[in-house]
There are 2 protein chains.
Amino acid sequence: MKVKNRLETLESILERLRFSIRQNGLKNSKQREEIISVLYKSGTHLSPEEIAANLRQRDKSTSISSVYRILGFLEKERFITALEPGKTGKRYEIAAKEHHDHIICLHCGDIQEFVDEEIEARQIQVASAYKAKLVSHDMRLFVICDKCRQHIKD
Amino acid sequence: MKVKNRLETLESILERLRFSIRQNGLKNSKQREEIISVLYKSGTHLSPEEIAANLRQRDKSTSISSVYRILGFLEKERFITALEPGKTGKRYEIAAKEHHDHIICLHCGDIQEFVDEEIEARQIQVASAYKAKLVSHDMRLFVICDKCRQHIKD
DNA sequence: GTATATGCAAAACTTTTGCACTAGG
DNA sequence: CCTAGTGCAAAAGTTTTGCATATAC
């Protein structure tokens with residue numbers, strides 16, 4: 001099983017952000033860097049509203065519309081990734097983590113992370129069979145884990 | 001790729017629905033049967049609003065709140081399944097279809113269904129590498145489809 | 001008849017947009 | 001300066017809820 005390490009320091013991500021903004025002839029803002037920072041430090045998946053609440057702890061005037069605009073920008077530029085966890089609305093996480101999928105026990109709820117290179121490669125082939133460019137994927141395997149198989153007999 | 005067959009006739013699904021409703025001591029309604037029927041016949045993934053629009057063709061007074069309530073009920077009872085295509089909101093499809101995964105265009109929202117036997121087989125192997133028994137899975141490939149790749153340049 | 005389902009309207013959210021102002025380069 | 005980014009408020013879109021009425025059983 002692979003561990004989902006952060007692949008980059010926060011400062012390195014921020015430098016890439018500044019470079020990307022300059023490349024596009026845009027302007028930086030402290031809000032953009034703050035959002036990257038909040039997501040990096042949280043290590044979890046945050047909703048736009050949660051992110052805004054976090055920023056408001058330091059700057060009361062943070063507006064939710066800017067948060068949405070920035071999240072859209074950061075996602076487009078691949079600094080963050082969106083997740084739809086079934087509940088309403090999207091959640092975001094920093095993109096600079098190792099990619100992983102999830103294997104979830106339906107009985108005890110345990111979640112393991114894994115990467116299978118064969119599946120990863122095959123997904124790209126499936127996409128290209130549709131003449132499509134694979135951007136990302138989400139895969140969850142629902143199982144009964146070893147422990148639960150031993151403890152429950154029907 | 002594979003065509004996803006309907007595994008059951010509409011009438012058979014409706015009979016199961018009536019049975020399920022009776023079992024739960026509830027009452028049937030033509031709206032519930034209509035929604036099953038619309039999803040069955042469409043063969044695609046419809047949003048609540050699209051479903052409501054469809055019902056309104058025959059009964060102008062169909063209310064969107066009933067559609068939401070019915071969709072929640074039908075999902076809970078496993079007659080339909082929800083899909084979150086990344087775009088805003090859920091979409092629903094009839095549950096009595098062959099297993100398939102989804103390939104979703106992030107740009108136009110188009111959803112295709114596919115089955116890749118190699119991935120299916122490999123998923124079982126991944127699960128057994130964890131000594132776990134695979135029960136089911138959910139996989140979504142997010143892509144930019146052929147049409148959108150041709151029409152948009154970043 | 002009685003409990004459940006529906007329709008309607010309003011409320012509760014979530015996300016987007018227009019516009020004046022701020023601020024980065 | 002000049003233009004992109006922000007904050008604010010309002011709009012637009014989505015989903016839920018309260019309540020009176022209709023309807024299945």
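Lettering follows sequence order; numbering is per chain, from 1. These numbers were taken from a predicted model, which means no experiment stands behind them.
- Here A/N24 contributes atom CG and A/K76 contributes atom NZ; the two are 6.5 Å apart, rounded to the nearest 0.5 Å.
- With the nearest nucleotide of DNA chain C identified for both B/D59 and B/K27, B/K27 has the one nearer the 5' end.
- A/H107 and A/H151 share no side-chain donor-acceptor pair at under 3.5 Å.
- There is no side-chain donor-acceptor pair under 3.5 Å between A/T9 and A/S12.
- Side chain to side chain, B/E93 and B/H100 meet the donor-acceptor criterion of an N or O pair below 3.5 Å.
- Toward the 5′ end of DNA chain C lies the nearest nucleotide of B/G25, the other residue of the pair B/S65 and B/G25 mapping further downstream.
- Between B/I64 and A/K30, the residue anchored nearer the 5' end of DNA chain D, judged by the nucleotide with its closest heavy atom, is A/K30.
- Of the N and O atoms on the side chains of B/S20 and B/E77, at least one donor lies less than 3.5 Å from an acceptor on the other residue.
- The salt bridge (charged side-chain N to carboxylate O under 4.0 Å, His left out) test with B/E50 is passed by exactly one of B/R56, B/R91, B/K90: B/R91.
- For the helix from C/dG1-D/dC25 to C/dG25-D/dC1, the angle separating the two terminal helix axes comes to 30°, with each axis derived from five pairs and the value rounded to 10°.
- With values rounded to the nearest 0.5 angstrom, B/I36 atom CD1 is found 4.5 Å from B/I94 atom CD1.
- If you check every strand for non-hydrogen atoms under 4.0 Å, A/S66 touches a base.
- Atom C1' of nucleotide C/dG24 and atom CZ of A/R32 are separated by 11 Å, given to the nearest angstrom.
- Counting all heavy atoms, side chain and backbone alike, B/D138 lies closest to B/D101 at C-OD1, 4.2 Å.
- Taken residue by residue, residues 46-56 of chain B places no heavy atom nearer than 4.0 Å to DNA chain C.
- Listed candidates were D/dA24, C/dG25, C/dT14. Nearest to the side chain of A/N28 is C/dG25.
- For B/R69 and C/dG7, a side-chain-to-base donor-acceptor distance below 3.5 Å is present, hydrogens and geometry of angles not being considered.
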